[in-house]
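Scroll down for the structure; my scribbles are underneath it.
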Amino acid sequence: MELLDFSRIDGLTHEYQRRVAKVIKDMYPTVRLLKLVPGHPDFNPEKPYALVDEPELLPPYVIKTLHESQIDARLVAELAMGDSMNSDQVDKWDVLAKAQEALDMKAELEYYEERKDLLKSMVKSNKHEYKHDGHTLRK
């Protein structure tokens, strides 16, 4: 039986790309970051990634196509800058710092969720020793 390969679903292969996609999804529930397939009308081999808005009762549309190197905190900051009403009053460096902070917090949250799952499985286990990442943990 073949395991499910999540990179085939949205095309995002790196963990950092997935984290940026999750932060964008938390900020804007209808916006998705994904990799366009070669048959898509907006597909560009140099910029294969896209921000796609999928509003209710309207057809989805591509907001922007992106190169792989553009998927980072700058993308989150750009979305936040475009969303603000008074973009001339917003400090761009402050928004970029907040976007990076949001990505760091998301990474920390994922780490703690993983640790929580590990501890749950340790508590449920009948074993006195538990191996994880090359370390032996004892109850």
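If you read the sequence from its start, that first residue is 1, and numbering goes on from there. The figures here come from the full heavy-atom set of this structure, side chains too, leaving out hydrogens, waters and symmetry mates.
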Donor-acceptor pairs under 3.5 angstrom involving side-chain atoms of residues 113-121: please list them, not counting sequence neighbours.
{"from": "S121", "atom 1": "OG", "to": "D117", "atom 2": "O", "distance (Å)": "3.4"}
{"from": "S121", "atom 1": "OG", "to": "L118", "atom 2": "O", "distance (Å)": "2.8"}
{"from": "S121", "atom 1": "OG", "to": "Y130", "atom 2": "OH", "distance (Å)": "3.0"}

### M27: partners by side-chain contact (heavy atoms from CB on, under 4.5 Å), with sequence neighbours left out
V23, V76, A80
### Task
Mind checking side-chain hydrogen bond (donor to acceptor under 3.5 Å, both in side chains) for E110 and listing every partner two or more places apart, or none if nothing turns up?
R19, K22
### Task
Hey, could you give me each pair passing salt bridge (charged side-chain N to carboxylate O under 4.0 Å, His left out) that has a residue in residues 52-68? Not counting sequence neighbours.
R32-E54, K64-E78
#### Entry: Gap between atom CD1 of I71 and atom NZ of K35 - 0.5 Å precision
9.5 Å
### Task
Please name all residues satisfying side-chain hydrogen bond (donor to acceptor under 3.5 Å, both in side chains) with K25, sequence neighbours left out, ordered by chain then number.
none
### Message
Going by the rule salt bridge (charged side-chain N to carboxylate O under 4.0 Å, His left out), which residues pair with D26 if we only count those two or more places apart in sequence or in a different chain?
### Response
K106
### Hydrophobic cluster identity match, Y49 and Y61, side-chain contacts under 4.5 Å
yes
### Task
Apply side-chain contact (heavy atoms from CB on, under 4.5 Å) to the pair L75 and L66, showing each step before the final yes or no.
CA-CA 9 Å; L75 179 61; L66 306 160; 3.7 Å; yes
### Query
Going by heavy atoms in the side chains, are D42 and L36 under 4.5 Å from each other?
yes
### Summary
Residues joined to Y111 in its hydrophobic cluster, side chain to side chain under 4.5 Å directly or through other members, sorted by chain and number, are Y112
#### Entry: Considering all heavy atoms, the nearest Q70-R74 contact
CA-NH2, 4.0 Å
### Message
So, using side-chain contact (heavy atoms from CB on, under 4.5 Å) as the criterion, who are the partners of N44 when residues are at least two apart?
### Response
E46, K47
### Query
Can you name the residues that form a side-chain hydrogen bond (donor to acceptor under 3.5 Å, both in side chains) with D104, not counting sequence neighbours?
Q100
### Query
Does A77 have any side-chain contact (heavy atoms from CB on, under 4.5 Å) partners at least two apart in sequence or in another chain, and if so, which?
V95, L96, A99
### Query
Heavy-atom distance under 4.5 Å between the side chains of L51 and V62, does that happen here?
no
### Message
Quick one: does any side-chain atom of H14 pair with a main-chain N or O of Y16 as donor and acceptor, under 3.5 Å?
### Response
no
